[in-house]
Amino acid sequence: MVENDRWGTFFAHLVLILGVALVVFPVYVAVIASTHPAGTFVRGVMPLLPGPNALENYRTVIFEGRSRAGTPPIGGMLWNSFVMAMAITLGKLSISLLSAFAIVYFRFPFRMFFFWIIFMTLMLPVEVRIVPTFQVVANLGMLNSFAGLSIPLIASATATFLFRQFFMTVPEELMEAARVDGAGPMKFFKDILLPLSITNIAALFVIMFIYGWNQYLWPLLITTDPKYYTIVMGIQRMVTGGDAEPLWHLVMATVVLAALPPILVILFMQRLFVKGLTETEK
């Protein structure tokens, strides 16, 4: 039994509050900075209270952008990042589910060999194979396209491994019962395995969406048309592009807007996300 220690509880809550403050304070500073005019930052003083220019700053970055830095309005970049992140996420989930299903429930030559080959690709991130991948995408004519942004990043050894481990915990009696009822492999997959995998799918959906949303190096390499810029590229161009000093109030407004979609995904899928990471019995 754990004794009721008032001082222990106090220090535990104190550490928790300090940890939350360390995480939240930079976000608070970004939000506050996005509400002030440009002249505020010339003085070198960071205010901690909201300013009067919030609507103007957000309207500028959404509808006008920053032409001197070569940054288009961020509305289109947000859409490009969303399309890219969703394509990567749905592609990874689809391929990983089918791959794990084939590895667990079908018996074919070199089955485990192929599984370990897939697993070994964890040691080869896109940064390592960036040059040959770029060459293939260029030869296929997929530069400056959503296909080029998403298809090379779709395969996921991690998701395949996690789904394989989960499928191996599904009782064989379910498969036998489905077979007795005359269900084929795909019907068993659709009607039994997919519903049982909802929490795992939700957890991986959140992780992969954030992975796709935060991509920077790959879009930077294959994108030269401003119509396909992603929001992370836009932030980088606002900070480093042009001859003038960065307009930090606009940069912070862009950062705040860029953080909203991943936050919303986590909030809407929080329960399934936590359940998918912690649940051990299905």
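Heavy-atom basis, side chains included; hydrogens, waters and symmetry copies ignored. Because the structure is predicted, anything quoted here is derived from the model rather than measured.
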Q) Do Thr230 and Gln215 come close enough that some side-chain heavy atom pair is under 4.5 Å? A) no
**Q.** Aromatic ring proximity, centroids under 6.0 angstrom, Phe189 and Tyr105
**A.** no
Q. Val180, Met175: one ILVMFWY side-chain cluster at the under-4.5 Å cut-off?
A. no
Please report, to 0.1 Å, the donor-acceptor pairs under 3.5 Å made by any side chain of residues 11-32, with sequence neighbours excluded.
unit_1 : atom_1 : unit_2 : atom_2 : d
His13  : ND1    : Thr9   : O      : 2.8
Tyr28  : OH     : Leu48  : O      : 2.4

Q) Can you find a pair of side-chain heavy atoms, one from Ile151 and one from Phe146, that are under 4.5 Å apart? A) no
Q. Between Asn57 and Leu250, is there a donor-acceptor pair closer than 3.5 Å when you use the side chain of the first and the backbone of the second?
A. no
Kindly list each side-chain donor-acceptor pair under 3.5 angstrom involving residues 77-89, sequence neighbours excluded, with atom names and distances?
unit_1 : atom_1 : unit_2 : atom_2 : d
Asn80  : ND2    : Gly76  : O      : 3.3
Asn80  : ND2    : Lys227 : O      : 2.7
Asn80  : ND2    : Tyr229 : O      : 2.9
Ser81  : OG     : Met77  : O      : 3.2
Ser81  : OG     : Ile231 : N      : 2.8
Thr89  : OG1    : Ala85  : O      : 2.7
Thr89  : OG1    : Phe209 : N      : 3.2

Q: Output every pair passing salt bridge (Lys or Arg N to Asp or Glu O under 4.0 Å) with a member in residues 90-114, not counting sequence neighbours, ordered by first then second residue.
A: none
Q. Nearest 0.5 Å, what's the CG-CG distance between Leu193 and Asn200?
A. 11.0 Å
Q. How does the hydrophobic cluster around Ile263 look, that is, which other residues are in it when side-chain heavy atoms under 4.5 Å mark a link?
A. Leu267
(Q) Please list all pairs meeting salt bridge (Lys or Arg N to Asp or Glu O under 4.0 Å) that have one or both residues in residues 10-38, counting only residues at least two apart or in different chains. (A) none
Q: Quick one: pull up OH in Tyr58 and CD1 in Ile74 and give me the separation to the nearest 0.5 Å.
A: 9.0 Å
Q. Considering all heavy atoms of both residues, which atom of Phe115 and which atom of Arg164 are nearest to each other, and what is their separation?
A. CE1-CD, 3.1 Å
Q | Student check: side-chain heavy atoms of Phe205 and Val265 closer than 4.5 Å | A | yes
Q.
Closer than 3.5 angstrom, by distance alone: can the side chain of Thr35 be matched with the main-chain N or O of Gly51 as a donor-acceptor pair?
A. yes
Q: Not counting sequence neighbours, which residues clear side-chain hydrogen bond (donor to acceptor under 3.5 Å, both in side chains) with Asp225? List them please.
A: none
Q) Is Leu49 linked to Met252 within one hydrophobic cluster, defined over Ile, Leu, Val, Met, Phe, Trp and Tyr using a side-chain heavy-atom separation of less than 4.5 Å? A) no
Q. Do the non-hydrogen side-chain atoms of Leu149 and Ile222 ever get within less than 4.5 Å of each other?
A. yes
**Q.** Qualifying residues under salt bridge (Lys or Arg N to Asp or Glu O under 4.0 Å), relative to Lys190, sequence neighbours excluded
**A.** none
**Q.** Closest non-hydrogen atom pair between Ala178 and Phe188, with its separation
**A.** CB-CD1, 3.7 Å
Q. Would a 4.5 Å heavy-atom cut-off, applied to side chains only, mark Tyr228 and Pro219 as touching?
A. no
Q: Tell me, yes or no, whether the heavy-atom count around Met112 atom CE, taken from other residues, nucleotides or ligands under 6.0 Å, exceeds 12.
A: yes
Q. Looking only at heavy atoms, what is the nearest atom pair of Ala100 and Thr160, with distance?
A. CB-O, 3.7 Å
(Q) Side-chain heavy atoms under 4.5 Å apart, restricted to Ile/Leu/Val/Met/Phe/Trp/Tyr: what other residues fall into the cluster of Leu55, or is it alone? (A) none
Q: Indicate the atoms forming the closest heavy-atom contact of Gly148 with Trp218, along with that distance.
A: O-NE1, 2.8 Å
**Q.** side-chain hydrogen bond (donor to acceptor under 3.5 Å, both in side chains) partners for Asn214, two or more places apart
**A.** none
Q | Contact list for residues 140-153, test side-chain hydrogen bond (donor to acceptor under 3.5 Å, both in side chains), sequence neighbours left out | A | Asn144-Thr224
**Q.** Pairing residues for Arg59 by the salt bridge (Lys or Arg N to Asp or Glu O under 4.0 Å) criterion, not counting sequence neighbours
**A.** Glu64
**Q.** Partners passing salt bridge (Lys or Arg N to Asp or Glu O under 4.0 Å) against Glu176 (at least two apart in sequence or in another chain)
**A.** Arg179
Q | Side chains of Phe134 and Pro152 in contact at under 4.5 Å (non-hydrogen atoms) | A | no
Q.
With a 6.0 Å cut-off (strictly less than), is the heavy-atom count around CZ of Phe108, excluding the residue itself, greater than 12?
A. yes
Q. Under a 4.5 Å cut-off applied to non-hydrogen side-chain atoms, are Ile201 and Leu97 in contact?
A. yes
Q | Phe113 atom CZ, neighbour heavy-atom count above 12 within 6.0 Å | A | no
**Q.** Output field: ring centroids Phe101/Phe163 closer than 6.0 Å
**A.** no
**Q.** Note, Leu93 side chain near Met208 side chain (heavy atom, < 4.5 Å)
**A.** yes
(Q) Would you compute the distance between atom OG1 of Thr158 and atom CD1 of Ile118 and round it to the nearest 0.5 angstrom? (A) 11.5 Å
Q: Please assess Ile154 against Leu90 for the test side-chain contact (heavy atoms from CB on, under 4.5 Å), listing each intermediate value before the final yes or no.
A: CA-CA 8 Å; Ile154 278 180; Leu90 296 178; over 6 Å; no
Q: Please report the closest heavy-atom contact between Trp213 and Ala258, naming both atoms and the distance.
A: NE1-O, 3.0 Å
Q. Is a donor on one side and an acceptor on the other found under 3.5 Å between the side chain of Thr169 and the backbone of Phe166?
A. yes
